[in-house]
Each structure stands twice: as structure tokens, then as C-alpha cells.
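Some notes on the structure that comes next.
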2 protein chains.
Amino acid sequence: MENKEISQAVIGRLPRYFRFLGELKDEGVERISSQELSDIMNVTASQIRQDFNNFGGFGQQGYGYNVEYLYEEIGRILGLDKTHNLIIIGAGNLGQALANYTNFERRGFLFKGIFDCDPTLYGKKIRSMEVKPMEEMEDFVRANEIDMAVLTIPKTGAVEVAGRLARTGIRGIWNFAHVDLNVPERIQVENVHLSDSLMKLAYNINRFENMDLSGFERGSYV
Amino acid sequence: MENKEISQAVIGRLPRYFRFLGELKDEGVERISSQELSDIMNVTASQIRQDFNNFGGFGQQGYGYNVEYLYEEIGRILGLDKTHNLIIIGAGNLGQALANYTNFERRGFLFKGIFDCDPTLYGKKIRSMEVKPMEEMEDFVRANEIDMAVLTIPKTGAVEVAGRLARTGIRGIWNFAHVDLNVPERIQVENVHLSDSLMKLAYNINRFENMDLSGFERGSYV
DNA sequence: TAGATTGTTAATCGATTAACAATC
DNA sequence: TAGATTGTTAATCGATTAACAATC
């Protein structure tokens, strides 16, 4: 029984480790030391070892880490050894874009249904799914063992829909709506606030513009 | 001349402050104390005051903060008082979805062009833009004072395109491609790695499932 | 003026980095 | 065995929270 809580800072780095290790694996690299990985990923070797050791040590002194084994283990930690059934709520541009993005499936995230409240969209085919009316959402979740919902509706409807989702027993919400959802603790929410991300970029551009110029070559880079 | 560097932890919270303050403003709330804001936003009042004080104090003892003033100031810090000209590179589902999302414009982020390397898309109309061939990208950036590029192409092409962008003198890249971009320091990169976000959600769902159940009502919530 | 609430300093907490003994 | 490199403890750094004097 795992009981020590892993910090979200560590969890947030796991997908990036996973990506680099996958690439190394594809390149046929068999083993790697924390120092080599550090050079590639631009994080300290110390942090890499600390991060991995949260889960009990995947390496071997004098040898390093076996790439494939480490890759598999991190995948397991992230829950990628299991499949997840998802529905998309909101068949607008973003919802359709995500539905069409096949890479999620490769990681075990399976889109099972897509819902909208706009009757003109009902029946529209998006990959192998047909857009269904929102009223059918609850029954569908229960009938198809859906454990995650992707919220790609405007913020106005998002809070109400999150409440409805909560009552279905869903376990996670991937929230693209620009609101804070208030759901029971048993439901995990992962927010993707695109406009927040864009604002951060705007800030950092200005920050650099306003920075003390000393030490930076600026200007004629065209 | 601002010289003290503000931590990215603080910057990351600014858009959320901005959102809540905007809502309060729309509700006609004139003034708010750090404690009231703390209650609404679920962060400590202490953190709120520390965050704001990084920029020199927007409040008044005994009164609190003027909502509209604070909203304006945070917007200014984030660079939302200026407009930004953007191009989208990659006219696939995601690129088109972002192009069609009008809320960015409200914050001064203006989409000026959209590019792709697929000839069958050339000339396709997306909002007020027509998809242009990639070859025209560099000239377009220079001719239209583009300062940000949105990268919504597969990872395979992303690194090369980032290099081309770097040579145009662009200032920021909003990167949706699932790779690390290596660009000069003067170019800010903001990554949106959707699959990383989804993996974090998967982890947290499993974490909760595996948690010691004591203290949590589980089970019969259907 | 008295009460409220900030701005700011000090204390705590957590995360990152450094160091090195254990061990393959 | 000797060299390499982890696992892990200790040191440092940074971020968050608490406390309170300043002041509106």
C-alpha cells in the first residue's frame, strides 16, 4: 500500500521523462545514466535521481538506468498501462479537434462519445462517433464505463455540466472551459486554460523587451 | 527601470487573478480585501498580498483593493494593454479551432495569418484568413509585424519551423507540438503539451483510487 | 479617533541541489 | 578489483504562510 504522497511538481515532470525515454528507446538506446539524461533534458542529474527515487529506485549503481524498463515503469506510474474511456462534451472546434487527434488513443485514452446541446450537430459523424444530445450523457457514461470527460464547452455551461458529471460517478474532468470547477474531492480536475497560457507568453515577451540589455545580443538578428 | 525578476510561480497566478477580478468588476463590485479575494479564490490572503506587492502595491491600508484599478494593472503587467499580431502554423484541426476562437481577440491577440504545407488547404478560408503556403511565412511575418507564432503542426516538422521562425525575429512561440524547441533566449516559448496534461489527470485518478480510503466517502455515489 | 487592512518582515515549509557512502 | 553511478542524506535555495507595525 503506497502511502507517501508524491508532490505534483514531480508528477508534472513524469510525462516529459516518459517522452524522452520513449525517444531514446526508439533510437535503440539501452541504458542511460542520470548524467546523460541530464544533458539531454536540461535538468539536474540530482533531480532526476530524486524524482525516480520517489517510486523506489529504478536504477543500478555503476550501471545507470535501463531505458526500456524505466520507460515502462513511468508509463505504469502514470496509469498508461490501463485504458481510459472518455467522452467529449462540446462538439465545437476544439472538441472536434481533440476527437480527431489520434495520438491520445496510442496512450490508452479512448474517445467513446461526443455530446453537444446544439440540435443541428446531432448525428454528425466525428471519426467513429456521432454527436449525441446532452440529455443522453448520463446514461451513456454509466453504460460505457466512462471514467473521464473532456469539457470543451463555453464557461457559461461548464459549471452545471460538471455538476451533472459529478453525479454520474465519473473520475476525472479534463477542463478546457475558462472557469474553476467545484466538484467533489473524488473527481480529479485537470485544467487547460489556453488564454492563461497565452497571457503568460505575452508577459514573458514584454519582460524580455524591458530587460536590462547588458549581456544580450539584441537587434540585428534578421 | 524594473529590474527585480518576478518568479514564474507568481506570473502563473496572474491570469487567474485577472479572470476573477474581471468577473467581480462585471458584477459591479468596487472594492475587495485580500481576505475576501482569498475566500473566493481559495488561495491565502497572504499570498495574494505578496503577489501584488511584487509589482509595488495596488492597495490601501484599511480599504483593500479597488477592483477596477487592480484589474487594469494586472492586465497591464500581462501586456494586455498592447495588441499582439499572431500567425498560426498548421491549419489542421487544432490550428483551425484556435483560429476560430474569438476570445483571444478580446484580449488583444490578433490572428493575422495561417500557414500550412498541404497544398490542398491553400486558399481555404478560416475566419477572415486564407491558408497560405509555408514558403510565404517569413515574408509575411516581416511585412505584418507578427510577434507571436502558434505552432500547431506535428512534432516532426516543429523543430525546423521553430528555427525558421527564429530567423524572422519573432518574439514568442506558443508551442502545441509535442517537442522541446531549442530557440535563442530572446524568443519566449510557452508550451501546451496536451498529452502531458492528460497523463497527469490519469495519474491523479489512479492516485485517488489507490489512496487509503479512511475518511473518504466512496462507492455509492451513483 | 478607532477599526480595518495593507505592505513588509520574519518563520516555516517544501523543493532543488550538492555531496558522498553504498554497491553494482 | 577499480570505476562508475546510484540511492540517500545533508545543505541550500526559493516559495508560502504567519505576524504585525504602518497607515489609511
Side-chain angles (χ1 to χ4, degrees), chain A residues 2-17 20-21 24 29-74 77 200 203-204 207, chain B residues 2-17 20-21 24 29-74 77 200 203-204 207:
Chain A
E2 286 287 323
N3 253 340
K4 48 177 178 184
E5 186 85 4
I6 314 290
S7 86
Q8 290 292 312
V10 174
I11 303 310
R13 286 192 290 267
L14 292 184
R16 187 157 177 268
Y17 289 130
F20 276 86
L21 288 164
L24 287 165
V29 178
E30 261 183 38
R31 71 178 203 74
I32 195 158
S33 70
S34 57
Q35 187 53 57
E36 291 169 305
L37 199 52
S38 157
D39 295 337
I40 299 173
M41 294 187 63
N42 267 311
V43 292
T44 64
S46 200
Q47 180 166 73
I48 290 172
R49 294 202 298 279
Q50 286 280 23
D51 282 351
F52 294 168
N53 260 80
N54 279 296
F55 307 98
F58 300 136
Q60 199 169 66
Q61 281 104 328
Y63 170 84
Y65 300 89
N66 178 284
V67 171
E68 177 140 19
Y69 174 70
L70 189 54
Y71 174 80
E72 295 295 335
E73 282 303 314
I74 293 178
I77 292 164
K200 265 194 281 177
Y203 173 87
N204 282 318
R207 176 186 60 102
Chain B
E2 285 286 325
N3 252 342
K4 47 174 181 185
E5 186 85 5
I6 313 290
S7 86
Q8 290 292 313
V10 174
I11 303 309
R13 286 191 289 267
L14 292 184
R16 188 157 177 268
Y17 289 130
F20 276 86
L21 289 164
L24 287 165
V29 177
E30 261 183 37
R31 71 177 205 74
I32 195 157
S33 69
S34 56
Q35 187 53 57
E36 290 168 305
L37 199 52
S38 156
D39 294 337
I40 299 172
M41 293 186 65
N42 266 312
V43 291
T44 64
S46 200
Q47 180 165 76
I48 290 172
R49 294 202 298 277
Q50 286 280 25
D51 282 352
F52 294 167
N53 260 79
N54 279 295
F55 307 97
F58 301 135
Q60 199 170 66
Q61 281 104 328
Y63 171 85
Y65 300 88
N66 178 285
V67 171
E68 177 141 19
Y69 174 71
L70 188 54
Y71 174 81
E72 295 296 336
E73 283 302 315
I74 293 179
I77 292 165
K200 264 195 282 176
Y203 173 85
N204 282 318
R207 177 186 59 102

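Being a predicted model, the structure only gives us computed values, none of them experimental. A note on names: the letters A, B, ... follow the listed sequences, proteins ahead of strands, and every chain is numbered from 1.
Rounded to an integer number of Å, the gap from CD1 of B/Ile6 to P of D/dA15 is 11 Å. What separates CG of A/Asn66 from P of D/dT5 is a distance of 15 Å, to the nearest Å. Atoms CD (A/Glu5) and P (C/dG14) sit 12 Å apart, rounded to a whole Å. One can place CZ of A/Phe58 at 13 Å from C1' of D/dG7, the figure rounded to the nearest angstrom. Between B/Gln60 atom CD and C/dG7 atom P the separation is 9 Å, expressed in whole Å. Look at CD on B/Gln47: it is 19 Å from P on C/dT12, rounded to the nearest Å. When rounded to the nearest whole Å, the span between CG of B/Asn54 and C1' of D/dA15 equals 11 Å. Between A/Asp51 atom CG and C/dA18 atom C1' there is a gap of 15 Å when expressed in whole angstrom units.
Between B/Thr44 and D/dT17 there is a side-chain N or O to OP1 or OP2 distance below 4.0 Å. An OP1 or OP2 oxygen of C/dG7 is reached within less than 4.0 angstrom by no side-chain nitrogen or oxygen of B/Tyr63. The shortest distance between the side-chain N/O atoms of A/Tyr65 and the OP1/OP2 oxygens of D/dG7 is below 4.0 Å. Distances shown here put every side-chain N or O of B/Arg49 at or beyond 4.0 Å from the OP1 or OP2 atom of D/dT17. Taking side-chain N and O atoms only, A/Ser34 has no distance below 4.0 Å to OP1 or OP2 of D/dT5.
Heavy atoms from other residues, nucleotides or ligands lying under 6.0 Å from CD of B/Glu30 number 12 at most.
Nearest-nucleotide positions on DNA chain D place A/Gln61 closer to the 5' end than the other of A/Gln50 and A/Gln61.
Put simply, the side chain of A/Ile32 does not reach to within 4.5 Å of the side chain of A/Asn66, judged on heavy atoms.
Distance from the side chain of A/Asn53 is smallest to D/dT8 among D/dA15, C/dA15, D/dT8.
Ring centers of B/Tyr17 and B/Phe52: under 6.0 Å apart, within the cut-off.
Applying the Watson-Crick and G-U wobble criteria (two distances, each under 3.5 Å), C/dC13 pairs with D/dG14. The partner of D/dC20 is C/dG7, judged by Watson-Crick or G-U wobble contacts that both fall below 3.5 Å.
For the pair B/Arg31 and B/Tyr63, the distance from NZ or CZ to the six-membered ring centre is under 6.0 Å and the angle to the ring normal is within 45 degrees.
Scanning atom types as modelled, one donor and one acceptor separated by under 3.5 angstrom connect the side chain of A/Ser46 and the base of C/dA18.
Interatomic distance, CD of B/Glu36 versus OH of B/Tyr65, reported as 12.0 Å (0.5 Å rounding).
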